[in-house]
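Positions are given from 1, in the same order as the sequence printed here.
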Amino acid sequence: MERPTESDEIVTLTRMREMLQQYVPVIRRWTTPDGRLPDPFETVYSENYAPANAAAVLASVCSTRSSQETSDSLSIMLERTMQLLGDKQGVNPFCRVFLYHYGLMALLLAPEADRSRLIGRFGPDLAAYEDDCAVVNTNCAALQWAMELFTGALGLRAVDHALLSHRLKFIANAQLESGFINDEVNETHSHDGMPIAYHAFTLFLLTGAIAVIERWPDEWLVSHREAESIIRRGMDWLRHAITPDGSFAMVERSSYQTFTWGALVALLAYCSGESGNEYGAAARDAFRSWLPYAHEDGTYGSTPNVLPHSLRVGYESYTHLNMYNLLGLTGIAVAVRLLERGVRLPAGDNPAATGDSHGHEGHEDEAVVLAGLQAGAESFVDKHSGYAFYRGGPGSANFFGCTLRMHNRKYAPAMQGFHFRLAGQRLPLAEPRLPEYQEVSDRTLRDGVWEGFAVTDDNGVLHIPAITGNVEVRPSDNGFTMTLETGLLRCEKTIAISDSGIEWSYALTALQPLRSCQHVVPLLVHDGRNALEIASQGGGLRLRFAGRMYLLECPEAVSLDMNLYRSLLSVSGVSAQARAVVAGPLQAGDTVRWTTSLRPVTS
């Protein structure tokens, strides 16, 4: 990755400001005559906290290129924010946390003239507002920590230092030894959710306060330093998931939704040093990463594709265009403020990177393994969060993440690879997601977007790698070898990536009779711009996608075909499954071995 120069940073800052300015007409187009900001494609959960994020975006624009029209739009969005905050019967408490947090942030982002005018108008009601939301998850605690500081920074009311301490302690307790922050924690329970998107979002919320609060009284500095420590440890974990194209590997809840883009841009603007190499990409790379998903109407894909918003491809139930586009752009506004002020995360000890604490090279009995491999490749295994990441050596730009177990919400099976990059390029592989997984069923096989074995037992019941405890894992030179064992089967799986392609190798032993065994590979068939062309070639499948050719092969398979069914579950776009029938029936004790490969070809 090239080292960013001062001129690069100026160009990036200028482009960020232009992007925010260009979104102002979109906000105006969405605004109804009575000042609401409903989603243009949805009726359920339609407006939610979008007006507060619109206010933050507009405030940022006003601070660099003010106009009466933009200033008036800012007033309209803050007025609507106040109306929603006052509707305690119609707006749920967690939504009001977002409204209050980003409404206050908008005031801090606004130029002094607008800020003084708007505080004069809304200040008394903001000062009197009482947050009635329990700490429902970790990002909620971060929102509440920051908004308490915002009220003090705006002079609305005195800061409650006991509340600040409680919220940061809550976040620190949710942060694992490895630095990963589990979002699925509340005041009474901790669930094995481990969504990577909200690890980054929580770090962003802490960073946002540091970005927009310019004066930190002495009595706030302890809180500031504690937040820095959480961010530093969290970014040390996240750096293993960031790729040079400016994106980061995700699985579980809210993966690859637009807000993760803005969060990463802001985090890299705050944490990257002069070289931009510390975390695998610079802020400019992260900023550019979502630009290809721009739509003609000035909006951006809520997930990383350019399919129509109304198809909701890869959406969560709560994902809406207005909310997540504006939340993502708020991240850009925070990055702008960080770059303008030249605020950077201070250097600190980094024990995980040096192996002095929990990064014990080669000790697989430890919860965290950071192993240096041949040619400078790196494997990072975090058994606490249940993730592993492989990164090729200098110049290779090969990468993938892997699940070590199925987490609480069961978005993906165990031993599941994700965020594959071959020589830095995306592949026609769809990011994984299971359909509202409750139990393995025919729908899991039909609708699901995932890679792995699917076996049918002697009673006709379908089984996939659904283990909720960690599989055994050991790094290899080009990836990971993982082993799981259930009462039904034992499976050793290796995912290996090299410049020649990806290989998924299996050795599956039946411990009870099995009727069938097949291997499922999710193919991306359309991202809104590129269509997959596919044809049989020998015993494999020839693929053409985005101007590149690939060959998918499984020599041991009885048959290899792409299923006719199409899924909208994956954030990558419309997907379909390639299925290799590899064996069946199997008796107890029988072992079947196969390797499926995806390789780029020149013709």
Can you tell me if [X] and [Y] form a side-chain donor-acceptor pair at under 3.5 Å?
| X | Y | answer |
| --- | --- | --- |
| S60 | S63 | no |
| Y23 | N325 | yes |
| H419 | Y256 | yes |

Using a 3.5 Å distance criterion without hydrogens, assess whether the side chain of S255 forms a donor-acceptor pair with backbone atoms of V251. yes
Looking only at the aromatic ring of each residue, does the gap between the centers of F150 and H101 stay below 6.0 angstrom? yes
Scan for salt bridge (Lys or Arg N to Asp or Glu O under 4.0 Å) pairs involving residues 11-21, sequence neighbours excluded, and state none if there are none. R17-E340
Using the rule side chain to side chain contact (heavy atoms under 4.5 Å, CB included), only one of V334, T12, I332 pairs with V265; which is it? I332
Test ring-ring contact (aromatic ring centres under 6.0 Å, His included) applied to F389 and W237, F480, F400, the passing residue: W237
Please determine if D183 and R253 form a salt bridge, counting it only when a charged side-chain N lies under 4.0 Å from a carboxylate O. yes
K410/E252 ion pair, N-O < 4.0 Å: no
I'd like to check the side chain to side chain donor-acceptor pair (under 3.5 Å) partners of N478; sequence neighbours left out, ordered by chain and number. none
Ring pair (Phe, Tyr, Trp, His ring centres under 6.0 Å) between F180 and H199, intermediate numbers included: CA-CA 7 Å; F180 184 87; H199 166 76; 4.9 Å; yes
